[in-house]
Number of protein chains: 4
Amino acid sequence: MTADPARRSERSRRAILDAALELLAETGYSDLTIEAIASRAGVGKQTIYRWWRGKGAIILDALIDATSSAEALVLPDTGDLEADLRTVMRATVAEFADPKLSATTRALTIETLNDEKLAEQVRDQLLRPQLDAVKKRLQAGPIRADVDLDQAVELLFGPLYHRWLLRTGPLTDEYADGVVQLAIAAITP
Amino acid sequence: MTADPARRSERSRRAILDAALELLAETGYSDLTIEAIASRAGVGKQTIYRWWRGKGAIILDALIDATSSAEALVLPDTGDLEADLRTVMRATVAEFADPKLSATTRALTIETLNDEKLAEQVRDQLLRPQLDAVKKRLQAGPIRADVDLDQAVELLFGPLYHRWLLRTGPLTDEYADGVVQLAIAAITP
Amino acid sequence: MTADPARRSERSRRAILDAALELLAETGYSDLTIEAIASRAGVGKQTIYRWWRGKGAIILDALIDATSSAEALVLPDTGDLEADLRTVMRATVAEFADPKLSATTRALTIETLNDEKLAEQVRDQLLRPQLDAVKKRLQAGPIRADVDLDQAVELLFGPLYHRWLLRTGPLTDEYADGVVQLAIAAITP
Amino acid sequence: MTADPARRSERSRRAILDAALELLAETGYSDLTIEAIASRAGVGKQTIYRWWRGKGAIILDALIDATSSAEALVLPDTGDLEADLRTVMRATVAEFADPKLSATTRALTIETLNDEKLAEQVRDQLLRPQLDAVKKRLQAGPIRADVDLDQAVELLFGPLYHRWLLRTGPLTDEYADGVVQLAIAAITP
DNA sequence: ACATAATCGAGACGGTACGTCTAGTCTTACG
DNA sequence: CGTAAGACTAGACGTACCGTCTCGATTATGT
């Protein structure tokens, strides 16, 4: 009854993922339709429904696919913890600023709120690696022994997401630096 | 051309707001339709479109309406800053834990991502008061002079929203306490 | 729940019926789609589904609409029964020969085979009047008293339909004349 | 490029024909799908498309296959023409009355209307033998010299098909008898 | 008190996308 | 090569909502 992955057409898979990302950049998430993806990819709708559960699942795959080939997720360790963290945080700010990347993230975030299964995948396959990389760097740098590393990581990313999500203020490098400074104050001896 | 608020039917307004909240609780946000609201409220669709711009605007009104009668948004000042913050943070965690309230908040947050105008209203009418209350308490309590209060507030709420949004871990009182502890370390002398 | 005929748009009704007949003539019945009708008529699909049960029902309406304004269904009585019958039978042959009319008839006949309700309507609203007209003429003309008029009518039309349906031979005026001659022999004293 | 009949699997052919007839009886013609036939027959779809042009062709083959083993198509000649004709006509009525057989015949008749090639085959391979048998009996019995035999045959079958196709009245033995009586009046001296 | 104008309930309308279904073609692995 | 299996492109199906647009039938002033 279910589809056999061995016989799956790689050609179609690629076309769908590419089309989805293209259209997302062009039209925004809420105007993104499965029919448009199918049409752009030159693919039958059924082929999409055969392999994915919906828009969110496609975008997730597209994103995983796009980032998998990217940089090894290991943070540089220059010896200066604050400087290193500033680098990551500023990179994150840049990601939020990029309309294309931001659109994708928004798309996934939206879908995530209604789809527990998808939320899991996003968390484990996209987010966790990024957070863990920071966590590893924290472990190395000089921090107080009693600090919960997971909490420390979220102390860094939390404010950034908060500002992106709720537009409580400008999301700039300066803001990132400020957050890092506070966090450093919180976790170093 | 625009509608005259003076002649607006309060009866219909109430029915729509109530129906919206009921249906939101029953079916979740993405399955919530204007037609269902109209039908449940015993109201013509045009009456909805005359006064609101879409789902998000309705929910926002409903939420404002529901919370307006609530507690005055002034944090108690017991003299113990950490304890006071723990109280607010735990209250926020409780809000996120309540499935019904959480659903509503999520609903709004979703819509916010695609609707700049709505985002403004949510930020200013719902969020800001809460954040400002915390900000005021911080001002009173003993904190370092060089700390940016807005950043401080987001240092507190950011991690909570992060965890709520991305499910990176359990959203418990203990977590709230940990965040407060770290934040206190960051902002007190 | 059901639609209110009073509020029906005559404009749409006309457009749909016209589009259906046009497309039927252009593409043939099995290539005729509801979507094409809707598109050609500049109408939403729902408007079609609101008022008709399917392709067959549309065609039926279109046909009734087209024939309603036509000739009063009374056969001329010249006093010469055989001549009068020849006239009707030849007219029927001509109808079968006209590709456009024939296509419509075929379409209806097909749909009829799977839809008892439609079959009834076709029979009562399209066929019966035609048959009854012939019946009336037979009543007037000189025929044997013991002849069942319904059987007589079908003795005339049956062979024509048979030939049209099953292509057992050419459907010409000569054939019509032959059938009339045989029928006359059967029913006159 | 075309398939080589020599290598054809008789096993598959049988399974397909049987499945087609079964499904036809179960679901009716318009709900009968090639996929269902393939699945029921345990056969790949390609195997069907390799050897048949579509539903109609399969049903035709199935029907020919089913009737080929049947009675030799020679009408008995008791010397009483009217009685002999009554026998055939009543048999035809019985065929139409049997829902299963009737369904199959209708199915083919439908397809015939859209497929000239199929129409030919149905006419020549299924219908003609039956008509010819009656024609032969007419030749023997006492009829007027000037009667066109083909017309005479259709004078008999036409009304029956007419009533079957258009449901203009009950299709009973009495009706068959009536038709025979009229036809006899038309063609005997 | 009454005309008059806007709001109201209802729901038909032109559209768009949904997710499903089947047609007919193409690909893969087996015998 | 023919076959069973089933993935593929294509596109129609009938449904659900969208946001706009008539319709009377209430209101609700404002002269």
Side-chain angles (χ1 to χ4, degrees), chain A residues 1-9 11-13 15 31-39 41-51 53-55, chain B residues 1-9 11-13 15 31-39 41-51 53-55, chain C residues 1-9 11-12 15 30-39 41-51 53-55, chain D residues 3-9 11-12 15 31-36 38-39 41-51 53-55:
Chain A
M1 190 100 288
T2 343
D4 173 3
R7 309 194 42 181
R8 182 170 186 179
S9 159
R11 203 175 158 291
S12 297
R13 194 184 140 274
D31 289 348
L32 177 66
T33 68
I34 302 268
E35 296 209 325
I37 295 175
S39 163
V43 136
K45 282 202 286 178
Q46 200 59 257
T47 301
I48 295 184
Y49 285 110
R50 192 172 3 249
W51 302 111
R53 291 187 314 109
K55 279 203 284 185
Chain B
M1 197 92 287
T2 344
D4 174 5
R7 312 196 46 167
R8 181 169 187 182
S9 157
R11 204 174 155 289
S12 297
R13 194 183 139 274
D31 289 348
L32 177 67
T33 68
I34 302 270
E35 296 210 321
I37 295 175
S39 162
V43 135
K45 283 202 285 177
Q46 197 57 252
T47 301
I48 295 184
Y49 284 110
R50 197 177 352 252
W51 303 109
R53 290 188 316 111
K55 273 205 286 186
Chain C
M1 190 99 286
T2 341
D4 172 4
R7 310 193 41 184
R8 182 168 187 180
S9 157
R11 205 177 156 288
S12 298
S30 55
D31 289 349
L32 178 65
T33 67
I34 303 268
E35 296 210 324
I37 296 175
S39 162
V43 135
K45 281 203 285 178
Q46 200 59 255
T47 300
I48 296 183
Y49 286 111
R50 194 174 359 251
W51 303 109
R53 290 188 315 108
K55 281 202 284 186
Chain D
D4 174 4
R7 311 197 46 172
R8 179 169 189 182
S9 156
R11 205 175 155 287
S12 297
D31 290 347
L32 178 65
T33 67
I34 302 269
E35 298 209 320
S39 162
V43 136
K45 283 202 289 176
Q46 198 57 252
T47 302
I48 295 183
Y49 283 110
R50 201 180 344 259
W51 303 109
R53 290 188 316 110
K55 275 204 285 187

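Below, read A as the first sequence line, B as the second, and so on, with proteins coming before strands; counting in each chain starts at 1.
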| task | Report yes if the side chains of B:Thr47 and B:Arg50 come closer than 4.5 Å at any heavy-atom pair, otherwise no. | result | yes

| field | nucleotides 25-31 of chain E: protein proximity per nucleotide (B base, S sugar-phosphate only, - neither; heavy atom, under 4.0 Å) | value | BBB----

Euclidean distance, atom [atom1] of residue [X] to atom [atom2] of [N] [Å, nearest integer]:
| X | N | atom1 | atom2 | value |
| --- | --- | --- | --- | --- |
| B:Arg11 | F:dT26 | CZ | C1' | 12 Å |
| A:Arg13 | F:dT9 | CZ | P | 14 Å |
| A:Ile48 | E:dT20 | CD1 | P | 13 Å |
| A:Asp31 | E:dA17 | CG | P | 8 Å |
| C:Ile34 | E:dT20 | CD1 | P | 21 Å |
| D:Trp51 | F:dC1 | CH2 | P | 13 Å |

What is the nucleic acid contact for [X], judged by heavy atoms within less than 4.0 Å: base, sugar-phosphate only, or nothing?
| X | answer |
| --- | --- |
| D:Arg50 | base |
| B:Gly54 | nothing |
| A:Thr47 | base |

| query | Is it the case that more than 12 heavy atoms not belonging to C:Arg11 sit under 6.0 Å from its CZ atom? | reply | no

| message | With side chain to side chain contact (heavy atoms under 4.5 Å, CB included) as the criterion, how do B:Arg13 and B:Trp51 come out once you've worked through the C-alpha distance, each side chain's angles and the decisive distance to 0.1 Å? | response | CA-CA 9 Å; B:Arg13 194 183 139 274; B:Trp51 303 109; over 6 Å; no

| remark: Heavy atoms of A:Ala38 and A:Gly44 approach each other most closely as CB-C, 4.4 Å

| Hey, is the main chain of C:Leu32 close enough, under 3.5 Å, to the side chain of C:Lys55 for a donor-acceptor pair? | yes

| query | Are OP1 or OP2 of E:dG9 and a side-chain N or O of B:Ser12 less than 4.0 angstrom apart? | reply | yes

| Just to confirm, is there a sub-4.0 Å distance from OP1 or OP2 of E:dC21 to any side-chain nitrogen or oxygen of D:Thr33? | no

| Along DNA chain F (nearest heavy atom to each residue), the more 5'-positioned of A:Gly42 and B:Ala36 | A:Gly42

| message | Closest-nucleotide mapping onto DNA chain E: is B:Asp4 or C:Ala41 further toward the 5' terminus? I mean the 5' end. | response | B:Asp4

| remark: The residue, B:Arg8 or D:Glu35, whose nearest nucleotide of DNA chain E is more 5′ is B:Arg8

